[in-house]
Amino acid sequence: MDDREWRRAAGRARAEVLGDDGTRLPAGDPVPAEFQDYLMSMAWGVWARGGPLSNRDRSLLVLAMTAALGRTDEFRLHLGAAPRAGVTDAEVDELLFQITAYCGAPAGNSARSVIREVRGAREQA
């Protein structure tokens, strides 16, 4: 796959996981387009690889890693998209135990707060 095809595949993976809302850039975004292109090809290019990991597996991994690193904005984004990747609320609840056991109570508590927020917003929608 050449570079152009790779970027298109990364864009498709991003749209598949995040949906349309997660793929639109805000109007007048001051961040250079080259940065967004780099981010998409790097981060979403790994989703486009295919192979033995499904989008569900990748979603669970991203949730665990972003919670472990305290990246709550990314955790929130991927938590909202998790059902689209086939991740259930029960799996996220179980993941919370893994996060807390391996990353500590602060990471688990932060993730728990985001989970409550995202689920609350989903119920109101």
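The structure displayed is predicted, hence computed values, not measured ones.
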- Message: I need the Arg14 CZ to Ser41 OG distance, nearest 0.5 Å.
- Response: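 Between atom CZ of Arg14 and atom OG of Ser41 there are 11.0 Å.
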- Atom pair NE2 (His78) and OG1 (Thr66), whose distance is rounded to the nearest 0.5 Å: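 So the NE2 of His78 and the OG1 of Thr66 are separated by 7.0 Å.
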- Taking the hydrophobic residues Ile, Leu, Val, Met, Phe, Trp and Tyr, and joining any pair whose side-chain heavy atoms are under 4.5 Å apart, which ones share a cluster with Leu63?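 Direct or chained contacts put Leu63 with Leu60, Phe75, Leu79, Val87, Val92, Leu95, Leu96, Ile99, Val114, Ile115, Val118.
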State plainly whether one hydrophobic cluster holds both [X] and [Y], where clusters connect Ile, Leu, Val, Met, Phe, Trp and Tyr through side-chain heavy atoms under 4.5 angstrom apart.
| X | Y | answer |
| --- | --- | --- |
| Met42 | Trp47 | no |
| Trp44 | Tyr38 | no |
| Leu39 | Leu77 | no |

- Message: Quick check on Arg4: does its CZ atom have over 12 non-hydrogen neighbours (other residues, nucleotides or ligands) under 6.0 Å away?
- Response: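 Open.
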- Message: With a sphere of 6.0 Å drawn around CZ of Arg112, does it hold more than 12 non-hydrogen atoms of other residues, nucleotides or ligands?
- Response: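 Open.
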Quick one: closest heavy-atom pair of [X] and [Y], and the distance?
| X | Y | answer |
| --- | --- | --- |
| Ala67 | Ala107 | O-CB, 3.7 Å |
| Thr72 | Ser110 | CG2-CB, 4.4 Å |
| Met40 | Ala10 | O-CB, 3.6 Å |
| Cys103 | Ala68 | SG-CB, 3.3 Å |
| Ala13 | Ala48 | CB-N, 4.1 Å |

Apply side-chain contact (heavy atoms from CB on, under 4.5 Å) to [X] and list each qualifying residue two or more places apart in sequence or on a separate chain.
| X | answer |
| --- | --- |
| Phe97 | Glu94 |
| Leu69 | Arg71 |
| Asp3 | Arg7 |

- Give a yes or no answer on whether the side chain of Asn109 reaches the backbone of Pro106 with a donor-acceptor pair at less than 3.5 Å.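 Side chain of Asn109 to backbone of Pro106, a donor-acceptor pair under 3.5 Å: no, none is there.
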- Message: Please enumerate all residues that pass side-chain hydrogen bond (donor to acceptor under 3.5 Å, both in side chains) together with Arg8, with sequence neighbours excluded.
- Response: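 Here no residue qualifies.
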- Message: Are the side chains of Arg49 and Arg58 in contact, using a 4.5 Å heavy-atom criterion?
- Response: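 Yes, side chains in contact.
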- State which residues pass salt bridge (Lys or Arg N to Asp or Glu O under 4.0 Å) with Arg76; sequence neighbours excluded, sorted by chain then number.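 Testing Arg76 for salt bridge (Lys or Arg N to Asp or Glu O under 4.0 Å), a comparison that skips the adjacent residues, returns Asp73, Glu117.
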